[in-house]
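Some notes on the structure that comes next.
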Amino acid sequence: MAVKDIMDALKGESLEDLGIQANLAQLVKDIKLVGKELNIVVGLQKPEIQSLIRDRVVKALSGFAEVEKVNVKFTDSPPPTAAQQPQSPMGQPVFTKRSVPGVKNIIVVGSGKGGVGKSTVSANLALSLANLGFKVGLLDADIYGPSIPTLFGIKGQRVEVNEQKKILPIEKFGIKVLSIGLMLPSEDTPVIWRGPMLMKALTQFLFDVEWGELDYLILDLPPGTGDVQLTLAQNVKIDGAVVVTTPQDVALADVRKATSMFKEVDIPIIGVVENMAYFVCPDSGKRYYIFGKGKTVIFATTYGLRVLGSIPIDPEVSEKSDEGEPIVVSAPESEAAKVFTAIAKSIAEEIH
Ligand code: ADP
């Protein structure tokens, strides 16, 4: 095995999904194989994606049994001139953070893991902000598992495109809603987005849409810390992030990763929403902290974050969601709906 084989493997690793129009080999400034240890120097302008690039190098070389250890070092290569600057599919220089015309604030809702209620929180926060009098849009960027159409009872509907070739979001409960689920030929179509296609689809969802004038555009991200989050962070001006978790150790451990990611990509974290925090016994009115009490606050304090609110477990949240009515619409007087309203107020106070 020669260094050339290694370079060939690195050539196969495209970085387009990270917003870099190059493959890994093109970033290599120096490469030396010493015994079974490989030392690579990578030229990279964006220090915040160093760990992702390191992971990509390790992944690309995982097939080489002869390489037992990979050491990746980074160096700042000189900035490209305007003529050399790589272009995104939309013709914009990569890493230029664009605002969505007409949209005042973009807030992303993320979670460390799936199933913690991120989409439920996104939907109810969007509706609560609308109830407070703001103009709101909701973009389901959870392109691998879009659940917003179900939550809003618009499953099966399809979006239309106007004469200017702009996608028209669907209006429901006073907000503008868009989801990949409303654009696929059938509900059962599996979505397999590869890097460049993913970036194009996301850019289209944000920029080729007739959002009109909005105070807030809420973005329901896919769970975890993958390419979608990075692509967005690098290309779109995002005003704040809300992280959703349940008070379970497994969920909180993953929130740590999500929190670090938002920090790395310079997206201010507005706070943490603790979902399924407790259950109120309908007979006695007593609160039961099923997953334990106080864990989220301890976690948040450790990371310098604040808990925006704690949503109870309420069977009506899931029943009504399945029927296409988020709790803020179906039961505005419920405890869960009131907490959502309070969280929306805190968000509006911070981001306006
Ligand atoms: P995620 O987007 O994190 O995958 P979802 O919002 O789809 O999670 O929620 C997962 C499931 O949990 C859904 O069936 C939803 O209705 C239910 N759920 C979410 N929050 C609550 C809650 N506070 N009380 C009861 N059920 C909830």
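Both counts, for ligands and for their atoms, begin at 1 and track the order of listing. Keep in mind that the numbers below use all heavy atoms, side chains included, and drop hydrogens, waters and symmetry copies. Computed from a predicted model, the values in this text were never measured in an experiment.
Between Asp17 and Arg56, at least one side-chain N (NZ, or NE/NH1/NH2) sits under 4.0 Å from a carboxylate O, which counts as a salt bridge. Lys166 has no carboxylate O lying under 4.0 Å from a charged side-chain N of Glu210, or vice versa, which leaves the two without a salt bridge. Ion pairing between a basic and an acidic side chain is recognised when a charged N comes within 4.0 Å of a carboxylate O; Lys320 and Glu323 show such pairing. Using a 4.0 Å cut-off between a side-chain N of Lys or Arg and a carboxylate O of Asp or Glu, Lys135 and Glu213 do not qualify as a salt bridge. One finds no salt bridge joining Lys36 and Glu66 here, because no Lys/Arg side-chain nitrogen approaches an Asp/Glu carboxylate oxygen to under 4.0 Å. Using a cut-off of 4.0 Å between Lys/Arg side-chain N and Asp/Glu carboxylate O, Arg306 and Glu350 are scored as salt-bridged.
At the top of the distance list for atom 8 (O) of ligand 1, counting protein heavy atoms only, stands Gly117 N, 3.0 Å. Closest protein heavy atom to atom 27 (C) of ligand 1: Val317 CG1, 3.8 Å. Protein heavy atom nearest atom 20 (N) of ligand 1, with residue, atom name and distance: Asn275 ND2, 2.9 Å. Nearest protein heavy-atom contact of atom 24 (N) of ligand 1 is Asp314 N, 3.0 Å. Atom 26 (N) of ligand 1 has as its closest protein heavy atom Ser318 CB, 3.8 Å. Nearest protein neighbour of atom 15 (C) of ligand 1, counting heavy atoms only, is Thr120 OG1, 3.8 Å.
Contacts between Pro312 and ligand 1, counted as non-hydrogen atom pairs separated by less than 4.0 Å, involve the backbone only. The residue Asp322 has no part lying near ligand 1, judged by heavy-atom distances below 4.0 Å.
Taking all heavy atoms of Lys118, Glu274, Met276 into account, the minimum distance to atom 1 (P) of ligand 1 is reached by Lys118.
Within the 4.0 angstrom cut-off, atom 13 (C) of ligand 1 has no protein heavy-atom neighbours.
Nearest heavy atoms, Phe340 versus Leu125: O-CD2, 3.8 Å. Nearest heavy atoms, Lys97 versus Val236: CD-O, 3.9 Å. Of all heavy-atom pairs spanning Glu274 and Pro247, the tightest one is OE2-CB, 3.3 Å.
In terms of N/O distances under 3.5 Å, ligand 1 is not approached by Pro315. Residue contacts with ligand 1: Lys113 is placed with no nitrogen or oxygen under 3.5 Å of a nitrogen or oxygen of the ligand (distance criterion only).
For ligand 1, the atoms sitting less than 4.0 Å from at least one non-hydrogen atom of Gly115 are 1 (P), 3 (O), 4 (O), 8 (O), numbered in the order shown with element in parentheses.
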